[in-house]
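See below for the structure under consideration.
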Amino acid sequence: MIALVDCNNFYASCERVFDPSLNGKPIVVLSNNDGCVIARSNEAKALGIPMGAPVFQYSRLIEAEDVKVFSTNFALYGDMSRRVMSILSEYAKDIEIYSIDEAFLEMGRGDDAYLDSLAKEIRRQIEKQTGIPVSIGIASSKTLAKVATHIAKKDPDCKGTYVLSDPAVRDEILGKYPLREVWGIGRRLSERLEEMGLRTALDLVRLPENIILRELTVIGLRLKKELGGIPSVPFESANKAKKAICTARSFGSMISDYELIAQAVANHTVTCAAKLRSQNSYAGSMMVFIHTNYFRQDLAQYKKNIVVSFPPTQDSLELVRIAKDALARIYRSGYEYKKAGVILMDFEKEAGMQEELFHESPVENQNMQLVNAIDALNKKYGKNTVRIADQGLGNKHAPHQEHRSRSYSTNWDDMLEIHARAHGRSSGK
DNA sequence: TCTGGGGTCCTAGGACCC
DNA sequence: TCTGGGGTCCTAGGACCC
């Protein structure tokens with residue numbers, strides 16, 4: 001059986017852990033640039049603030065209802081996530097960290113009562129040790145575990161956990177479960193299914209395989225099997241190396257100046273390169289893209305990307321040179337740009353790397369000593385303490401962040417202290 | 001005034017091979 | 001009038017996830 005553990009309103013809950021006066025109050029957490037609502041407490045959901053809502057469209061409601069607003073604080077959410085995941089791995093035979101706030105656990109066999117009591121214990125420990133409330137659903141496939149978690153979250157009688165195993169109960173639940181809510185069915189697919197006359201998850205399970213294959217290809221077939229309780233999405237415990245690494249940001253305001261955009265691109269490239277080295281990969285190609293503000297149809301629009309290939313490298317200096325070169329080829333003057341991004345692709349691992357006939361081996365690349373030294377300094381003294389000149393010193397394209405919560409320490413002892421104090425008890429450290 | 005960021009997987013169609 | 005069969009690889013774009 002597979003459990004899905006899902007942190008409730010994760011970012012909002014993180015903010016709450018360190019300030020219990022927020023309990024019971026509506027909270028929203030904003031996207032980068034303070035643009036959209038990307039997380040809401042239950043109270044904020046009840047006020048009708050939708051996921052992804054542009055915050056300026058709700059400013060009156062936010063003010064009238066005294067909604068607490070936070071800019072993203074990913075350092076904090078990342079730390080909380082790691083803590084939650086580490087506790088989860090103590091309880092599971094195997095764990096797949098699916099996202100910052102979700103994990104699948106391999107639970108082995110057991111009757112419903114046993115599985116539910118184990119889930120309750122996990123839930124209690126997470127709450128006690130981190131302050132984050134979670135919902136846990138258990139079933140025989142990942143997709144059904146998602147359904148079970150949904151029930152665990154919505155039905156107060158479940159007290160946060162639900163085991164979905166009995167086939168008759170499963171059919172009854174799926175018969176009321178809208179297709180759009182199924183994991184893997186998005187807007188387009190649900191429109192398609194509706195045209196075919198299907199409404200609930202059970203309708204899909206009961207559709208004959210040959211029709212599914214013809215109309216919905218292997219994607220539909222996999223969904224049918226998963227919903228029927230046959231696991232068809234593999235459990236992936238090892239955190240696999242990424243196949244692409246992307247850094248992209250909207251600018252705080254629109255920029256037309258080439259030098260400033262080049263600095264942003266250099267910064268994104270350096271960030272990507274650091275992620276690349278941390279998974280010990282070498283990139284063989286990159287995409288650089290820029291575009292103007294889609295929402296300003298009154299202004300001239302331009303969007304362009306370019307993909308360039310090169311001998312595999314993880315050298316920041318080399319990658320920045322390539323990225324600036326690529327940018328120069330797509331930049332057009334006379335536009336107000338809103339966003340720039342860099343994506344590294346075509347990765348190779350050192351061991352399997354083909355030597356280039358006319359190019360020095362990346363392993364012997366002299367720059368790497370320098371890059372490694374920069375990594376070490378930045379690790380010790382903080383991000384960007386040492387930087388490449390191309391990155392610039394100013395921060396004119398920095399995103400807006402007006403509602404940032406305190407940068408609670410990334411030191412766990414301090415965090416637990418704050419948490420404990422906030423909840424009026426000793427940290428017991 | 002103002003509208004996120006970071007990923008994966010799949011498909012269709014083209015180019016190419018013998 | 002009429003032009004094979006079987007396959008791989010690559011890419012762009014779509015769809016989906018959180």
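- With salt bridges taken as basic N to acidic carboxylate O contacts below 4.0 Å, none links Glu181(A) and Lys153(A).
- Nucleotide dG6(B) holds its P atom 17 Å from the OH atom of Tyr98(A), rounded to whole Å.
- Phosphate contact (OP1/OP2 of dG5(B), side-chain N/O of Asn32(A), threshold under 4.0 Å): present.
- The distance between atom CE of Met345(A) and atom C1' of dG13(C), rounded to the nearest whole Å, is 14 Å.
- Between Thr271(A) and Lys383(A), some side-chain heavy-atom pair lies under the 4.5 Å cut-off.
- When all heavy atoms of Asp171(A) and Arg206(A) are compared, the pair lying nearest together is OD2-NH2, 4.0 Å.
- The residue Glu102(A) sits close only to the backbone: its heavy atoms come under 4.0 Å of sugar-phosphate atoms, none of a base.
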Report task. For Glu226(A) and Ser232(A), run side chain to side chain donor-acceptor pair (under 3.5 Å): C-alpha distance rounded to whole Å, both residues' side-chain angles, the deciding distance at 0.1 Å, then the answer. Result -> CA-CA 6 Å; Glu226(A) 280 271 314; Ser232(A) 305; 4.6 Å; no

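- Following rounding to the nearest Å, Ile343(A) (CD1) and dG4(B) (P) show an atom-to-atom distance of 16 Å.
- You'll find that the side chain of Asn293(A) is closest to dT3(B), out of dC9(B), dT3(B), dG7(B).
- Projected onto DNA chain B by closest heavy-atom contact, Thr247(A) and His400(A) fall at different nucleotides, the more 5' of which corresponds to His400(A).
- The distance between atom CD of Gln279(A) and atom C1' of dG7(B), rounded to the nearest whole Å, is 12 Å.
- Using P as the reference atom, dT3(B) and dC18(C) are 25 Å apart when rounded to the nearest Å.
- As a whole-Å value, the separation of Tyr58(A) OH from dT1(B) P is 19 Å.
- Across all strands shown, Ile245(A) has heavy atoms under 4.0 Å from sugar-phosphate atoms exclusively, and none from any base.
- Counting heavy atoms from C-beta on, the side chains of Phe18(A) and Leu76(A) come closer than 4.5 Å.
- Counting to the nearest Å, the P atom of dG6(B) and the CZ atom of Phe74(A) are 9 Å from each other.
- Aromatic ring pairs are classed by plane angle as parallel below 30°, tilted from 30° to 60° and perpendicular above 60°; the pair Phe104(A) and Trp183(A) is tilted.
- His150(A) has its NE2 atom 16 Å from the C1' atom of dC17(C), to the nearest Å.
- Remark: Arg249(A) is in phosphate contact with dG6(B), judged by side-chain N or O atoms under 4.0 Å from OP1 or OP2.
- A salt bridge does not link Glu15(A) to Lys68(A): none of the charged side-chain nitrogens sits closer than 4.0 Å to a carboxylate oxygen.
- Side-chain atoms of Tyr302(A) and Glu336(A) form no donor-acceptor pair, as typed in the model, at a separation below 3.5 Å.
- Across all strands, Ser59(A) comes closer than 4.0 Å to no nucleic acid atom at all (heavy-atom distances).
- Remark on DNA chain B: of its neighbouring residues Lys243(A) and Gly52(A), the 5'-side contact belongs to Gly52(A), judged by nearest-heavy-atom nucleotide.
- A side-chain N or O of Ser71(A) and one of Asp34(A) form a donor-acceptor pair less than 3.5 Å apart.
- Closest contact between the side chain of Cys246(A) and the listed nucleotides dC10(B), dT3(B), dG7(B) involves dG7(B).
- Put simply, CD1 on Ile219(A) is 15 Å from P on dG14(C), counting in whole angstrom units.
- Among the atoms of the strands shown, only primed sugar atoms or phosphate atoms (P, OP1, OP2) are found under 4.0 Å from some heavy atom of Lys338(A).
- Residue contacts for Asp34(A): at a heavy-atom cut-off of 4.0 Å it reaches no nucleic acid atom on any strand shown.
- Secondary structure note: stems in DNA chain C built from 3 or more consecutive Watson-Crick or G-U wobble pairs under 3.5 Å occupy B:5-18 with C:5-18.
- Around atom NZ of Lys120(A), more than 12 heavy atoms belonging to other residues, nucleotides or ligands sit under 6.0 Å away.
- The aromatic rings of Phe289(A) and His291(A) sit parallel, their planes meeting at an angle under 30°, below the 60° perpendicular limit.
- Among the heavy atoms of the strands, none lies under 4.0 Å from Tyr294(A).
- Among the atoms of the strands shown, only primed sugar atoms or phosphate atoms (P, OP1, OP2) are found under 4.0 Å from some heavy atom of Val218(A).
- For the contact set between residues 175-199 of chain A and DNA chain C, defined by any heavy atom under 4.0 Å, the members are Val182(A), Trp183(A), Gly184(A), Ile185(A), Gly186(A), Arg187(A), Arg188(A), Leu189(A).
- Residue contacts shown for Thr217(A) are limited to sugar-phosphate atoms, with no base heavy atom under 4.0 Å away.
- Within 4.0 Å (heavy atoms only), Lys146(A) reaches sugar-phosphate atoms of the nucleic acid but no base atom.
- Listed pair Arg296(A) / dT1(B) fails the phosphate criterion, with no side-chain N or O lying under 4.0 Å from OP1 or OP2.
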